[in-house]
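Below is one structure, written out as structure tokens; comments come after it.
Since the model is a prediction, treat every value here as computed from it, not as a measurement.
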Amino acid sequence: KPEIPSTASCTMRKPVLPAFLLFIASTALNAGFLYEISEADSPTVSPFVTITGWDAPSTLPENLTIPDTLPDPNDPNRDIPVERIADYAFQDSSLVSVVFGNNISRIGLNAFKGSESLETVTLNDGLENIQSEAFRDCKKLSSLTLPESLEHVSSGAFYGCTQLASVSIGERLISLDSEIFSNCSNLASLTFSSDSQIQSIGVNCFYNCSSLTAVSLPASLRYIYESAFLNCRKLAGVSFNEGLLEIHKAAFRSCSLIDQIDLPSTLQYLGEQSFASCTGLSTVVDLGMSGVSGIPDKPFLGNRVFDGCRNLSGTVIIPNTVRIIPEKMFYNCGALTGVTIGSGVTEIGPSAFYGCGLASVVIPDHVSNIGKAAFRNCDSLTQIQLPNNLTDLPEEFAYDADSLQTITLPPSLQTIGKSSFAFSELASIVIPNTVASIG
């Protein structure tokens with residue numbers, strides 16, 4: 001708290017603050033509004049009003065208009081612009097509609113949270129900042145236009161607005177924080193400005209938006225963070241922009257109506273389970289990443305990217321820039337019939353193609369390491385070409401590969417792991433002289 005000078009007198013002294021502005025707090029009552037006036041010492045900064053609430057909840061009107069100005073209680077000839085709504089100002093209110101005055105620049109933390117009767121909100125052009133959970137659980141709010149002036153929306157601002165059906169996002173917003181529209185189960189339409197500057201979509205931002213059908217991501221977007229669109233079960237179309245750098249863990253997991261993805265060449269990071277359980281996904285046009293080179297540990301593919309995408313079919317091309325096909329990347333993709341392994345791949349992770357519908361596989365010579373159960377339960381697999389320099393065949397390599405009748409082992413092979421061909425249909429095999437150990 002600011003210190004008050006010890007030489008007190010009967011007049012109010014200004015508190016000493018560590019900032020360049022000095023404020024005088026004044027509480028007043030006008031037409032029911034409770035508010036504070038922040039008076040600046042600097043001549044270049046004008047005073048402004050922060051509305052802190054209403055004098056009696058029983059008299060709060062259903063339809064509230066936030067005025068452009070309110071009078072100075074100490075000077076009735078002076079009107080001061082209303083620029084802010086304070087934290088918690090109208091939390092759990094009975095409001096049905098709110099129209100914001102032209103001077104509002106900031107709506108505070110939890111300002112309208114839990115106002116379950118609130119149906120319409122008219123945000124002013126000039127609004128710059130909406131704080132965390134400002135409209136959380138406003139369950140009757142049905143549509144929302146974020147003004148072009150808006151620069152920041154904090155986490156959970158519209159969390160749980162279950163009747164919110166459409167959102168339009170202005171051009172100056174740089175990022176969407178975590179959980180902003182999480183659990184907005186009726187959100188069907190999401191529109192970005194053609195000049196959008198959005199660079200990131202935060203953790204759980206659109207989690208459980210189960211009515212969202214399509215998203216065209218803006219050209220400015222660079223990062224899609226963890227679980228951003230998790231459980232958007234009606235999301236059928238996503239258009240990914242060139243310039244996108246990262247898609248994080250479970251970003252589109254369980255988006256069961258996505259049928260096709262075409263990822264950009266600029267993509268550097270595709271996180272764990274990013275498209276797992278997308279049961280309607282049938283085509284990967286391009287895994288992207290082709291333009292990524294010279295960046296340490298990039299491009300990166302996380303484990304289980306397409307785990308459980310049981311309708312993914314055709315052939316998937318692993319880009320030449322990728323070094324590792326990670327664990328369970330195509331786990332139980334039973335309709336996948338082909339894979340082309342890029343020239344940069346040196347390692348295939350455990351269970352990478354477990355349960356796939358592959359008929360034949362060519363593993364190039366540049367692959368030196370194959371993980372446990374890489375092709376286990378591939379019931380349609382009839383032919384595997386192994387790398388000529390492979391030294392170790394892993395455990396459960398082709399376990400229960402029902403159609404595999406013959407395979408040529410490379411002359412470099414030294415060990416055959418435990419259960420490599422258990423329960424397969426091998427009719428004959430030649431074991432090279434170099435093999436020293438059979439599991």
>> Quick one, Val435 with Gln414, criterion side-chain contact (heavy atoms from CB on, under 4.5 Å). Give me CA distance, side-chain angles, the key distance, then yes/no.
In response: CA-CA 4 Å; Val435 172; Gln414 296 177 18; over 6 Å; no
>> Between Glu116 and Lys139, does the salt bridge (charged side-chain N to carboxylate O under 4.0 Å, His left out) criterion hold? Intermediate values first, please.
In response: CA-CA 5 Å; Glu116 295 189 358; Lys139 296 184 183 298; 5.1 Å; no
>> What verdict does the salt bridge (charged side-chain N to carboxylate O under 4.0 Å, His left out) test give for Glu272 and Arg304, after you've listed the backbone C-alpha separation in whole Å, the side-chain angles of each residue and the deciding distance to 0.1 Å?
In response: CA-CA 6 Å; Glu272 179 180 347; Arg304 303 174 63 182; 5.1 Å; no
>> Would Ile130 and Phe158 count as a side-chain contact (heavy atoms from CB on, under 4.5 Å) here? Give the steps.
In response: CA-CA 10 Å; Ile130 299 176; Phe158 299 93; 4.2 Å; yes
> Please walk me through it: do Ile384 and Ile363 pass side-chain contact (heavy atoms from CB on, under 4.5 Å)?
Replying inline: CA-CA 8 Å; Ile384 305 177; Ile363 304 176; 4.2 Å; yes
>> What verdict does the side-chain contact (heavy atoms from CB on, under 4.5 Å) test give for Leu235 and Leu257, after you've listed the backbone C-alpha separation in whole Å, the side-chain angles of each residue and the deciding distance to 0.1 Å?
In response: CA-CA 6 Å; Leu235 187 59; Leu257 290 186; over 6 Å; no
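For the ring pair (Phe, Tyr, Trp, His ring centres under 6.0 Å) with His248, the lone residue among Tyr225, Tyr223, Phe229 that qualifies is Tyr225. For the pairing with Phe252, the ring pair (Phe, Tyr, Trp, His ring centres under 6.0 Å) check across Phe206, Tyr207, Phe240 returns one residue only, Phe240. When each of Leu358, Ile317, Ile348 is paired with Val339, the side chain to side chain contact (heavy atoms under 4.5 Å, CB included) condition holds for Leu358 and for no other. The one candidate from Phe375, Phe423, Tyr354 that meets the ring pair (Phe, Tyr, Trp, His ring centres under 6.0 Å) condition with Tyr399 is Phe423.
Scanning all heavy atoms of the two residues, the minimum distance from Leu413 to Leu393 falls at CD1-N, 3.7 Å. Listed here is the closest heavy atom pair of Thr340 and Thr315: OG1-CG2, 3.8 Å. Taking both residues in full, the closest heavy atoms of Cys205 and Leu176 are given as SG-CB, 3.8 Å, listed atom of the first, atom of the second, then distance. Residues Pro410 and Asn388 share a closest heavy-atom pair of CB-O, 3.8 Å. The two residues Val430 and Leu409 have their closest heavy-atom pair at O-CD1, 3.8 Å. In plain terms, the two heavy atoms of Glu246 and Leu267 that are nearest each other are N-CD1, 3.9 Å.
Formation of a donor-acceptor pair under 3.5 Å by the Ser115 side chain with backbone atoms of Ser117 is not found in this model. The backbone N or O of Leu109 lies less than 3.5 Å from a partner atom in the side chain of Asp87, making a donor-acceptor pair. Side chain of Ser282 to main chain of Asp259: a donor-acceptor pair is present (N/O by atom type, distance under 3.5 Å, no hydrogens or angles). For Thr346 (side chain) and His366 (main-chain N/O), no donor-acceptor pair under 3.5 Å exists by modelled atom type. A donor-acceptor contact shorter than 3.5 Å links the side chain of Arg222 to the backbone of Ser220. Judged by distance alone, the side chain of Ser403 and the main-chain N or O of Asp379 form a donor-acceptor pair under 3.5 Å. Proximity of a side-chain donor or acceptor of Asn183 to a complementary backbone N or O of Asn208 within less than 3.5 Å is not detected. Between the side chain of Asn124 and the backbone N or O of Ile104, at least one donor-acceptor pair lies under 3.5 Å. The closest donor-acceptor contact from the side chain of Thr50 to the backbone of Ile85 lies at 3.5 Å or more, if one exists at all. Side chain of Ser420 to main chain of Pro394: a donor-acceptor pair is present (N/O by atom type, distance under 3.5 Å, no hydrogens or angles).
Taking the side chain as every heavy atom from C-beta outward, Thr406 and Ile429 never approach each other to under 4.5 Å. Arg106 has its side chain out of reach of His152: every pair of non-hydrogen atoms, C-beta onward, lies at least 4.5 Å apart. Contact check for Glu347 versus Ser368: no side-chain heavy atoms found under the 4.5 Å cut-off. Counting only heavy atoms from C-beta outward, the side chains of Ile51 and Ile66 approach each other to under 4.5 Å. At a threshold of 4.5 Å between non-hydrogen side-chain atoms, the residues Asn241 and Pro218 do not count as touching. Residues Phe90 and Leu64 meet the side-chain proximity criterion, which asks for heavy atoms closer than 4.5 Å. Looking at Leu287 and Leu263, their side chains come closer than 4.5 Å, going by heavy atoms from C-beta outward. Counting heavy atoms from C-beta on, the side chains of Asn103 and Phe48 never come closer than 4.5 Å.
From Ser149, atom OG reaches atom CG of Asp125 across 4.5 Å, with rounding to the nearest 0.5 Å. Distance check, rounded to the nearest 0.5 Å: CG of Leu150 to OG1 of Thr145 gives 11.5 Å. Between Asp177 atom CG and Ser200 atom OG the span is 7.5 Å, to the nearest 0.5 Å. Rounding to the nearest 0.5 Å places OG of Ser256 at 10.5 Å from NZ of Lys234. To the nearest 0.5 Å, the span separating CG on Asp365 from OG on Ser343 amounts to 12.5 Å. How far CZ of Arg310 is from OG of Ser277: 9.0 Å, rounded to the nearest 0.5 Å.
Below 30°, between 30° and 60°, or above 60°: for Phe100 and Phe135 the angle between ring planes is above 60°, a perpendicular geometry.
Heavy-atom neighbours of Glu62 CD from other residues, nucleotides or ligands within 6.0 Å: at or below the threshold of 12.
With 3.5 Å as the limit, one finds a donor-acceptor pair spanning the side chains of Ser97 and Asn63. Side-chain contact check for Gln131 and Asn129: at least one donor-acceptor pair (N or O, by modelled atom type) lies under 3.5 Å. A donor-acceptor contact closer than 3.5 angstrom links the side chains of Ser155 and Ser132.
Taking a cutoff of 4.0 Å between a charged side-chain nitrogen and a carboxylate oxygen, Glu133 and Lys113 qualify as a salt bridge. Using a 4.0 Å cut-off between a side-chain N of Lys or Arg and a carboxylate O of Asp or Glu, Glu148 and Arg172 do not qualify as a salt bridge.
For Glu395, the salt bridge (charged side-chain N to carboxylate O under 4.0 Å, His left out) partners at least two apart in sequence or on another chain are Lys372.
Ring pair Trp54/Phe33: centre-to-centre distance below 6.0 Å.
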